[in-house]
**Q** 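My questions all concern the structure below.
From a predicted model like this one, the values you see are computed outputs, not experimental measurements.
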Amino acid sequence: MSFRLSQRDKDIIGFINQFRAVDRDSLVELFFKQLKSPINACNSVMIRLYRLGLIERTQQYSPTVYLPVDAKIKKNSQKILHFLSILDIYKQMCTYSAPKQVIVEDKPTGRKGGIEPDLFCIFKGSPFWIEIQRNQYSEQKMQAKVNLYEEFFFSDEWNDLQWQPEGRSPIFPSVILITPVRYAVSSEHIRIIQVASIHELMEKYKSSTKQQREAKPIKQPSSGEIRINLT
């Protein structure tokens, strides 16, 4: 079959491959909102890409959710809601500043049993690992998750992650827990931020002075400076 894809077609396919599950309304918001009839335009494009066999879809949800052609999740899987939650956090960040170096379901240790944040990105100049807690867990389980981040911090393996700035000291990302519940977890070595949404995160730093916004580095090896710059 001979067909030509526009750059927008390629961007949409790449975005779906990256985020694993993307609902129609999110595609409208991210790729079509500048058009006169964004929903109709989106529907037309997505039907064409689906018929060409370049994407999959599930109509178990309304609006339709689109998946990669090689998706290994069932079309009625609860995992789809997990990926849509990650997408929602990404879209929240985009309302302030487009995040960079986005990695969905990051596995920085490269091995089973290590940290597996739902999302990594550089947002407003600072690196973050983001954990999205859709369910409530025990504080022991949440502290165990924090402990895994501490283990990775002391391994120094993070110094060589591909997104680290060249010619500068490596930075260990702050960890954002997106949760409606506040857990009594703590760390003397890494920064843990608990908020219900990215909007709350931004509001939290919005009215702070510059000195308050630029969080003081926690004492640790010089190569492990933690910084947050949400201005």
Side-chain angles (χ1 to χ4, degrees), residues 18-20 79 82-137 139-165 168-202 204-205 213-218 220-221 223-230:
Q18 181 181 25
F19 280 87
R20 322 288 173 82
K79 188 77 170 173
H82 166 72
F83 288 124
L84 292 177
S85 296
I86 296 174
L87 176 60
D88 182 62
I89 294 302
Y90 171 82
K91 290 193 301 176
Q92 287 183 41
M93 289 189 286
C94 285
T95 64
Y96 301 98
S97 177
K100 301 176 181 179
Q101 302 281 348
V102 176
I103 305 174
V104 176
E105 290 198 329
D106 192 16
K107 294 179 174 59
T109 67
R111 56 182 177 271
K112 191 93 172 165
I115 63 171
E116 296 185 357
D118 297 312
L119 190 66
F120 168 82
C121 66
I122 295 176
F123 179 53
K124 290 187 131 336
S126 291
F128 294 96
W129 277 314
I130 301 175
E131 297 268 1
I132 303 170
Q133 306 302 138
R134 294 177 54 236
N135 301 311
Q136 185 170 348
Y137 297 99
E139 290 190 343
Q140 291 86 352
K141 186 169 183 178
M142 293 303 295
Q143 185 62 53
K145 189 184 290 282
V146 170
N147 293 346
L148 281 178
Y149 279 95
E150 288 191 333
E151 287 178 20
F152 190 48
F153 172 79
F154 285 113
S155 76
D156 287 338
E157 294 174 32
W158 52 273
N159 290 348
D160 300 319
L161 294 175
Q162 55 87 17
W163 51 262
Q164 289 285 6
R168 291 163 51 193
S169 296
I171 303 167
F172 193 88
S174 299
V175 179
I176 300 177
L177 300 180
I178 303 289
T179 168
V181 179
R182 295 298 186 270
Y183 295 96
V185 296
S186 61
S187 172
E188 295 182 359
H189 309 286
I190 61 177
R191 177 166 285 107
I192 306 294
I193 304 170
Q194 298 189 62
V195 290
S197 66
I198 296 299
H199 300 311
E200 181 184 336
L201 174 72
M202 297 305 294
K204 184 175 181 179
Y205 288 91
R213 289 197 304 266
E214 295 175 355
K216 294 180 180 179
I218 299 171
Q220 55 191 26
S223 63
E225 181 184 359
I226 299 175
R227 64 189 181 89
I228 300 179
N229 176 20
L230 297 178

**Q** Hey, mind stepping through L84 and H82 against side chain to side chain contact (heavy atoms under 4.5 Å, CB included) and telling me if it holds?
**A** CA-CA 5 Å; L84 292 177; H82 166 72; over 6 Å; no
**Q** Is the closest side-chain heavy-atom distance between P173 and W163 below 4.5 Å?
**A**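 Yes, close enough: below the 4.5 Å cut-off.
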**Q** Measure from the side-chain N and O atoms of Q194 to the backbone N and O of T179, and report whether any donor-acceptor pair falls under 3.5 Å.
**A**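 It does not hold such a pair.
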**Q** Do the side chain of E139 and the main chain of A184 share a donor and acceptor less than 3.5 angstrom apart?
**A**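 Flag set: sc E139 to bb A184 pair under 3.5 Å.
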**Q** Would you say the side chains of N147 and Q143 form a donor-acceptor pair under 3.5 Å?
**A** yes
**Q** Does one side chain, of Q18 or Y90, offer a donor that lies under 3.5 Å from an acceptor on the other?
**A**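 Looking only at side-chain atoms, Y90 and Q18 do not form any donor-acceptor pair under 3.5 Å.
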**Q** Can you list everything that forms a salt bridge (Lys or Arg N to Asp or Glu O under 4.0 Å) with K79? Sequence neighbours excluded, please.
**A**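 K79: salt bridge (Lys or Arg N to Asp or Glu O under 4.0 Å) contacts with E105.
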**Q** Does K91 NZ have over 12 foreign heavy atoms under 6.0 Å away?
**A**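 For K91, atom NZ is crowded (more than 12 foreign heavy atoms under 6.0 Å).
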**Q** Do S126 and S174 have side-chain heavy atoms sitting under 4.5 Å apart?
**A** no
**Q** Between Q92 and D88, do the side chains contain an N or O donor and an N or O acceptor separated by less than 3.5 Å?
**A**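 Result is yes, a qualifying pair exists.
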**Q** Please check if the distance between the ring centroids of W129 and F172 is under 6.0 Å.
**A**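 Between F172 and W129, which both carry aromatic rings, the centre distance is below 6.0 Å.
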**Q** Got more than 12 heavy atoms from elsewhere within 6.0 Å of NZ, K100?
**A**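 Result for NZ/K100: open.
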**Q** How far apart are the C-alpha atoms of C121 and M93, what are their side-chain angles, what is the distance that settles it, and do they pass the side chain to side chain contact (heavy atoms under 4.5 Å, CB included) test?
**A** CA-CA 10 Å; C121 66; M93 289 189 286; 3.6 Å; yes
**Q** Have Y96 and H199 got a donor and an acceptor in their side chains that come within less than 3.5 Å?
**A** yes
**Q** Less than 6.0 Å separating the ring centroids of H189 and F154?
**A**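 Yes, close enough.
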**Q** Are any of the side-chain heavy atoms of D118 and I130 separated by less than 4.5 Å?
**A**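 With C-beta onward as the side chain, the pair stays apart.
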**Q** Quick one: are K107 and K112 in side-chain contact, heavy atoms under 4.5 Å?
**A**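 Not touching, per the 4.5 Å side-chain cut-off.
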**Q** Could you tell me whether the side chain of P108 reaches within less than 4.5 Å of the side chain of F120, counting heavy atoms only?
**A**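 Result no, sub-4.5 Å side-chain heavy-atom pair not found.
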**Q** Carefully, step by step, assess R111 and E157 under the rule salt bridge (Lys or Arg N to Asp or Glu O under 4.0 Å).
**A** CA-CA 12 Å; R111 56 182 177 271; E157 294 174 32; 3.2 Å; yes
**Q** Compare all side-chain heavy atoms of D160 with those of W158 and state whether any distance is below 4.5 angstrom.
**A**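 Result no, sub-4.5 Å side-chain heavy-atom pair not found.
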**Q** Test side chain to side chain contact (heavy atoms under 4.5 Å, CB included) on M142 and Q136; report intermediate values, then the result.
**A** CA-CA 10 Å; M142 293 303 295; Q136 185 170 348; over 6 Å; no
**Q** Quick one: does D106's side chain get under 4.5 Å of L119's, heavy atoms only?
**A**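 A side-chain contact under 4.5 Å is absent here.
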**Q** Under the ring-ring contact (aromatic ring centres under 6.0 Å, His included) test, which residues partner Y137, sequence neighbours left out?
**A** none
**Q** Give a yes or no on whether a salt bridge exists between E200 and R182, defined as a side-chain N under 4.0 angstrom from a carboxylate O.
**A**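 Salt bridge flag = yes for R182 with E200.
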**Q** State which residues pass ring-ring contact (aromatic ring centres under 6.0 Å, His included) with Y183; sequence neighbours excluded, sorted by chain then number.
**A** none
**Q** Could you pull out the closest heavy-atom pair between L148 and G114, with the gap in Å?
**A** CD1-O, 4.3 Å
**Q** Answer whether the closest heavy-atom distance between the side chains of S186 and I192 falls below 4.5 Å.
**A**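 Counting from C-beta outward, S186 and I192 never come under 4.5 Å.
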**Q** Between I178 and I198, does a side chain to side chain contact (heavy atoms under 4.5 Å, CB included) hold up when you go through it step by step?
**A** CA-CA 8 Å; I178 303 289; I198 296 299; 4.2 Å; yes
